[in-house]
Student: 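Sharing a structure with you now.
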Amino acid sequence: MTAAKLAGLSVDVARRTLAARLKESGIDSPELDARLLIGAALDLDHTGLAVHGARQIIPVEAGVIESFAKRRIEHEPIARILGHKEFWGLDLRLSKATLVPRPDTETVVEAALEFVRSNPIFEGEIRIADIGTGSGAILLALLSELHQAIGTGTDISCEAIATAELNAERLGIAHRASFIQCNYAAGLSGFFDLIVSNPPYIRSLDIQTLDAEVRDNDPHLALDGGPDGFDAYRIIVPQAAKLLAPGGGLIVEVGYDQSRQVSQMMQAAGLTVPHPPRADLGGIERVVVGQQVGL
Ligand code: GLN
């Protein structure tokens, strides 16, 4: 399929042509992807595509569709091609330096909200830190739910920090969010009521076995947890134990086989682990919660 071939076709025919091409290339959801890519190229939503089904594609649009199609055929995820992804009902911009936020990570948000709601110490302002914030997904989801909260996100990547700042701005919560470029929690001081993190936790040697869409497109800095996958927790857990206010919570995402060891690391750092790990929608123990002793 070339740009020249698409130009002059109707939107409907171009969509079907692209869907057939994606299917041929082994893409799992060709119809949906074709609709999303053509919609983005023409700036039309679902309804817009239906309404304008008979209008002709002009050459400049055909060029954009073709470049999107090439990327998708090379298994670049739709969210990366479109440059944004929905997380916790928020539309987040992405960049090369950020993971595409996963539905699994919404389990961190759920666990943090439950922690706040079940701990009576959280009456006034809540101070949140998000270590390795990426697009800002977890922090911004929490700030969107907890109107009395303020938060700081850290990331080692300047590009990720810029993306998270842009997202805070676009969501109208920049006045309650600040971002610091640093390694894990190194740039944080003072006390936090909640510390959240989805750190890199994949064993270095396992990166090659990940789904190609993840392996070839997500930043390895955000995935690679070192030889045994626990490098980030060895840094974050002791840092958090020093930064948590009395009664405060450390809420972290973990890999499918890591919850027991991370719970033990939290206990070794002096935190209590008040309840078993929280499972994600696939039933995997996904989130571990630790609590600083109270006053
Ligand atoms: N859940 C991601 C994956 O399986 C990994 C994210 C991370 O390392 N924090 O690809």
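As the structure lists them, so they are numbered: ligands from 1, and atoms in each ligand from 1. FYI, the numbering just counts along the sequence from 1.
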Student: List ligand 1's nitrogen or oxygen atoms that come under 3.5 Å of a protein nitrogen or oxygen, with the partner atom and distance.
Tutor:
unit_1   : atom_1 : unit_2 : atom_2 : d
ligand 1 : 1 (N)  : Tyr201 : OH     : 3.0
ligand 1 : 8 (O)  : Tyr201 : N      : 3.1
ligand 1 : 9 (N)  : Asn198 : OD1    : 2.8
ligand 1 : 9 (N)  : Pro199 : O      : 2.6
ligand 1 : 10 (O) : Arg102 : NH2    : 3.0

Student: How many angstroms lie between atom CZ of Arg176 and atom CD1 of Ile126, to the nearest 0.5 angstrom?
Tutor: 10.0 Å
Student: Between Val252 and Tyr233, what is the shortest heavy-atom contact and its length?
Tutor: CG2-CE2, 4.1 Å
Student: Please list every donor-acceptor pair under 3.5 Å in which a side-chain atom of residues 279-293 meets a protein atom from a residue at least two apart or in another chain.
Tutor:
unit_1 : atom_1 : unit_2 : atom_2 : d
Asp280 : OD1    : Gly282 : N      : 2.8
Asp280 : OD1    : Gly283 : N      : 3.1
Asp280 : OD1    : Ile284 : N      : 3.0
Asp280 : OD2    : Arg286 : NE     : 2.9
Asp280 : OD2    : Arg286 : NH2    : 3.3
Glu285 : OE1    : Ser259 : OG     : 2.5
Arg286 : NH1    : Tyr201 : OH     : 3.2
Arg286 : NH1    : Val254 : O      : 2.9
Gln291 : NE2    : Asn119 : OD1    : 3.1
Gln291 : NE2    : Gly247 : O      : 2.9
Gln292 : NE2    : Ala241 : O      : 2.8
Gln292 : NE2    : Leu244 : O      : 3.0

Student: Count the heavy atoms belonging to other residues, nucleotides or ligands that lie under 6.0 Å from CG of Leu221, then report whether that count exceeds 12.
Tutor: no
Student: What distance do Thr107 atom OG1 and Ile251 atom CD1 have between them, rounded to the nearest 0.5 Å?
Tutor: 12.5 Å
Student: Would you check if the side chain of Ser118 reaches a backbone N or O of Glu114 as a donor-acceptor pair within less than 3.5 Å?
Tutor: yes
